[in-house]
Amino acid sequence: ITAGKVDDFPPGSVTHIANGRFYLSRLLDGGFLAIYQRCTHLGCSVPWEQSAGEFICPCHSSRFSPEGDVLSAPAPRALDIFRVILEDGEVKVDTAKPIVRQSFEPSQVVYP
């Protein structure tokens with residue numbers, strides 16, 4: 001899925017890409033993560049709450065950072081991610097298979 005141009009996503013932004021079932025998180029340092037919207041607790045769809053600056057699950061109140069890391073349980077681990085590809089100034093995301101992760105690691109971030 002082509003999410004858009006790199007410059008369409010300012011640092012510190014989180015954008016819902018509805019047709020891909022993920023959020024494109026552009027971190028403050030300019031890196032990208034494509035975060036699957038499925039909660040790792042029971043699979044609810046987790047929205048981004050701009051006012052809180054967190055993902056907050058409506059089902060059981062798990063909270064996640066802009067990187068998808070668990071801030072409060074019951075979610076047992078970080079939100080899964082998809083592979084980000086930066087090509088010719090565009091952000092593309094491979095949604096074929098979520099990447100399961102336990103927590104956020106800096107190596108997961110893709111930089112322009």
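Computed from a predicted model, the values in this text were never measured in an experiment.
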Between [X] and [Y], is there shared hydrophobic-cluster membership here, with clusters defined by ILVMFWY side-chain heavy atoms closer than 4.5 Å?
| X | Y | answer |
| --- | --- | --- |
| V91 | V110 | yes |
| L27 | I99 | yes |
| I81 | V93 | no |
| V14 | I35 | yes |
| Y23 | V109 | yes |

### Task
Check the pair F22 / I17 against side chain to side chain contact (heavy atoms under 4.5 Å, CB included), numbers first and verdict last.
CA-CA 6 Å; F22 68 89; I17 309 296; 3.5 Å; yes
### Query
Using 4.0 Å as the upper bound for N to carboxylate O, is an ion pair formed by R77 and D80?
yes
Any donor and acceptor pair, going by atom type alone, linking the side chain of [X] with main-chain N or O of [Y] inside 3.5 Å?
| X | Y | answer |
| --- | --- | --- |
| D88 | E90 | no |
| T95 | G20 | no |
| R101 | L79 | yes |
| D69 | F104 | yes |
| R26 | S13 | no |
| T2 | G4 | no |

### Task
Start with the C-alpha gap between T40 and F64, add the side-chain angles, then the distance that decides, and say whether side chain to side chain contact (heavy atoms under 4.5 Å, CB included) holds.
CA-CA 11 Å; T40 55; F64 304 88; 4.2 Å; yes
[X] and [Y]: which non-hydrogen atoms are nearest, and at how many Å?
| X | Y | answer |
| --- | --- | --- |
| C39 | A75 | SG-CB, 4.4 Å |
| A78 | S103 | CB-CA, 3.7 Å |
| L28 | G12 | CD2-CA, 3.6 Å |
| Y111 | D29 | OH-OD2, 2.6 Å |
| P58 | S45 | CD-O, 3.5 Å |

#### Entry: Flag if over 12 foreign heavy atoms under 6.0 Å of CG, N19
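Atom CG in N19 is crowded, with more than 12 foreign heavy atoms closer than 6.0 Å.
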### Message
Within a 6.0 Å radius of atom CZ on R21, are there more than 12 heavy atoms belonging to other residues, nucleotides or ligands?
### Response
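Atom CZ in R21 is not packed in, count stays at 12 or less.
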Side-chain contact test, heavy atoms from C-beta onward, threshold under 4.5 Å: evaluate it for [X] versus [Y] and give yes or no.
| X | Y | answer |
| --- | --- | --- |
| V84 | F32 | yes |
| V46 | R38 | no |
| H16 | Q37 | yes |

### Check: W48 ring centroid to F55 ring centroid under 6.0 Å
yes
### Pair S51-E49, side-chain donor/acceptor within less than 3.5 Å
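There is no such pair between these side chains.
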### Message
I'd like to know whether F9 forms a side chain to side chain contact (heavy atoms under 4.5 Å, CB included) with L24, so could you lay out the CA-CA distance, the side-chain angles of the two residues, the decisive distance to 0.1 Å, and finally the verdict.
### Response
CA-CA 8 Å; F9 306 99; L24 192 63; 3.7 Å; yes
### Task
Could you give me the CA-CA distance, side-chain angles and deciding distance for H60 and L42, then say whether side chain to side chain contact (heavy atoms under 4.5 Å, CB included) is met?
CA-CA 9 Å; H60 299 100; L42 293 177; 3.5 Å; yes
### Task
Could you give me the CA-CA distance, side-chain angles and deciding distance for E105 and S107, then say whether side chain to side chain donor-acceptor pair (under 3.5 Å) is met?
CA-CA 5 Å; E105 299 290 336; S107 63; 5.6 Å; no
### Task
Let me see the working for C57 and C44 under disulfide bond (SG atoms under 2.5 Å apart), right down to the final yes or no.
CA-CA 7 Å; C57 185; C44 296; 4.4 Å; no
